[in-house]
Amino acid sequence: MSGNFHDQLVATRDKKHSKNHPFFELWAQGKLTREQTAFYCTQHYHFVGEFLNWLAYQGSQIRERDVKNYLFENLGDEENPEDRHLDMLKDYVAASGVDRDSVEGSILLAATEGLQNWGWRMVYQKPWPVALAGMFIGLESQFLDICKKIVPALHQHYGFKPHAREIRFFEEHIHADEVHGSKGFAIVEKYCNTPELQTAALKQVEEATIRRWRYMNDIYWYALQGKADTTPTIPAQ
């Protein structure tokens with residue numbers, strides 16, 4: 001792959017970027033119901049909840065002060081007791097006509113659980129610079145472009161006013177993820193400082209994008225078709 005390490009990370013992420021998934025294409029066009037978009041938020045709630053635990057775990061293990069500070073800064077932003085990001089998700093769900101108290105107990109799709117479990121294997125088993133590449137670039141950095149894609153639709157097609165409290169989860173992540181994303185890239189580029197670590201990091205980013213795409217596949221089939229099980233059926237003879 002040509003280009004410097006930064007460009008290779010971006011190209012690897014963008015090859016399977018979830019912003020291009022059909023679910024987000026339909027959302028951007030206003031072709032999903034509010035309830036269908038709220039269902040996405042229930043799965044994102046389950047995913048983000050574990051992502052924050054990965055941050056906490058990594059922060060407890062990594063000694064490098066700049067990395068530790070960033071991890072806990074990121075975690076602190078997400079877990080601000082005055083306005084937790086997970087509670088912002090619940091606000092959007094409630095504004096979409098779904099009981100906010102149902103989010104935590106909502107169905108956990110197979111690919112959502114698979115993404116959770118894959119993330120724990122990553123932080124336990126991979127060298128931490130490689131694991132952070134998967135977390136920050138393969139997963140977290142995608143959300144900026146996803147939000148840029150769907151926020152205009154929330155205004156144009158779903159009736160939410162700009163800066164409305166109900167959609168601040170998406171609007172605020174555009175700014176927050178620009179900041180977090182640049183810091184995440186800088187850390188990965190600094191500490192993946194051997195050819196071996198860079199190769200492993202690129203592989204981890206690629207795998208993260210595939211896992212997130214599969215997670216979106218399950219959301220699509222359940223939200224639009226009611227399918228929690230995508231087992232093929234054999235036509236009757």
Side-chain angles (χ1 to χ4, degrees), residues 1-21 24 44 47-78 85 111-149 173-217:
M1 183 182 294
S2 61
N4 59 35
F5 183 46
H6 176 89
D7 292 343
Q8 290 174 7
L9 289 168
V10 172
T12 301
R13 179 202 63 189
D14 289 353
K15 187 165 57 175
K16 199 78 173 175
H17 200 305
S18 287
K19 70 178 180 180
N20 300 318
H21 193 278
F24 290 125
H44 195 64
F47 160 54
V48 171
E50 288 306 299
F51 188 94
L52 299 183
N53 290 334
W54 304 338
L55 286 177
Y57 173 79
Q58 295 283 44
S60 72
Q61 300 297 306
I62 296 171
R63 294 185 178 184
E64 284 73 4
R65 181 57 56 183
D66 59 334
V67 182
K68 186 182 288 285
N69 287 345
Y70 170 67
L71 290 167
F72 285 122
E73 172 192 312
N74 196 340
L75 185 62
D77 287 344
E78 294 279 346
H85 285 198
T112 305
E113 185 175 21
L115 181 57
Q116 292 176 332
N117 293 339
W118 172 84
W120 279 115
R121 291 197 302 275
M122 176 175 64
V123 299
Y124 282 147
Q125 297 173 2
K126 300 296 182 180
W128 69 258
V130 174
L132 294 188
M135 290 171 58
F136 294 154
I137 298 167
L139 296 175
E140 186 179 41
S141 76
Q142 290 196 47
F143 201 55
L144 170 62
D145 288 330
I146 290 170
C147 288
K148 285 182 176 180
K149 186 165 191 169
H173 270 84
I174 292 177
H175 170 69
D177 284 4
E178 284 179 341
V179 176
H180 289 165
S182 62
K183 290 183 178 179
F185 268 94
I187 286 172
V188 170
E189 291 169 47
K190 177 180 179 180
Y191 288 102
C192 288
N193 51 14
T194 68
E196 292 77 15
L197 283 173
Q198 291 183 0
T199 297
L202 291 169
K203 182 177 181 181
Q204 199 66 27
V205 170
E206 180 180 32
E207 188 171 346
T209 62
I210 292 170
R211 292 281 178 171
R212 187 165 190 153
W213 190 275
R214 291 174 181 170
Y215 151 86
M216 290 306 307
N217 284 346

Check: Thr12 and Ile137 side chains under 4.5 Å, non-hydrogen atoms: no
Would you say the side chains of His85 and Asp77 form a donor-acceptor pair under 3.5 Å? no
Among residues two or more places apart or on two chains, list those pairs meeting salt bridge (charged side-chain N to carboxylate O under 4.0 Å, His left out) that have a residue in residues 184-206. Lys15-Glu206, Asp66-Lys190
Shortest non-hydrogen contact between Phe136 and Leu55, atoms and distance: CE2-CD2, 3.9 Å
Drop me the distance from Asp145's CG to His17's NE2, to the nearest 0.5 angstrom. 4.0 Å
Grab the two heavy atoms, one from Phe47 and one from Leu115, that are nearest each other, plus how far apart they are. CD1-CD2, 3.5 Å
First locate atom CG of Leu9, then atom CG of Asp14, and finally report the distance between them rounded to the nearest 0.5 Å. 10.5 Å
Is the side chain of Asn4 donor-acceptor paired with the backbone N or O of Asp7 at a distance under 3.5 Å, no angle test? yes
A side-chain contact here means heavy atoms from C-beta on lying under 4.5 Å apart; do Ile210 and Glu207 qualify? no
From the list Val67, Leu197, Val130, side-chain contact (heavy atoms from CB on, under 4.5 Å) with Tyr191 holds only for Val67
With heavy-atom distances below 4.5 Å as the criterion, would you say the side chains of Glu140 and Asn74 are in contact? yes
Nearest heavy-atom contact between Lys126 and Gln204 is CE-OE1, 3.5 Å
Distance, nearest 0.5 Å, that separates CZ of Arg211 from CD of Gln116: 12.5 Å
Kindly state whether the ring of Phe143 and the ring of Phe51 have centres lying under 6.0 angstrom apart. no
How many angstroms lie between CH2 in Trp54 and CG in Leu75, if you round to the nearest 0.5 Å? 13.5 Å
All heavy atoms of Ala201 vs all of Cys192, minimum pair found to be CB-SG, 3.8 Å
Those residues at least two apart in sequence (or on a different chain) that pass ring pair (Phe, Tyr, Trp, His ring centres under 6.0 Å) with Tyr124 are Tyr57, Trp120
With no hydrogens and no angle check, is any side-chain donor or acceptor of Tyr215 less than 3.5 Å from a backbone partner on His44? yes
Rounded to the nearest 0.5 Å, how far apart are CG of Leu71 and CD of Glu73? 9.5 Å
Non-hydrogen side-chain atoms of Trp118 and Arg212 separated by less than 4.5 Å: no
Taking all heavy atoms of Gln142 and all of Ser18, pick out the closest pair and write down the distance. OE1-N, 2.7 Å
Using side-chain heavy atoms (C-beta onward) and a distance below 4.5 Å, is Gln61 in contact with Trp128? no
Does Arg121, at its CZ atom, have more than 12 non-hydrogen atoms belonging to other residues, nucleotides or ligands within less than 6.0 Å? yes
How close do Phe24 and Lys19 get, counting heavy atoms only, and between which atoms? CB-O, 3.8 Å
To the nearest 0.5 Å, what is the distance between OG1 (Thr112) and CZ (Arg214)? 13.5 Å
Are the side chains of Leu202 and Val205 in contact, using a 4.5 Å heavy-atom criterion? no
Atom NZ of Lys149: over 12 foreign heavy atoms under 6.0 Å: yes
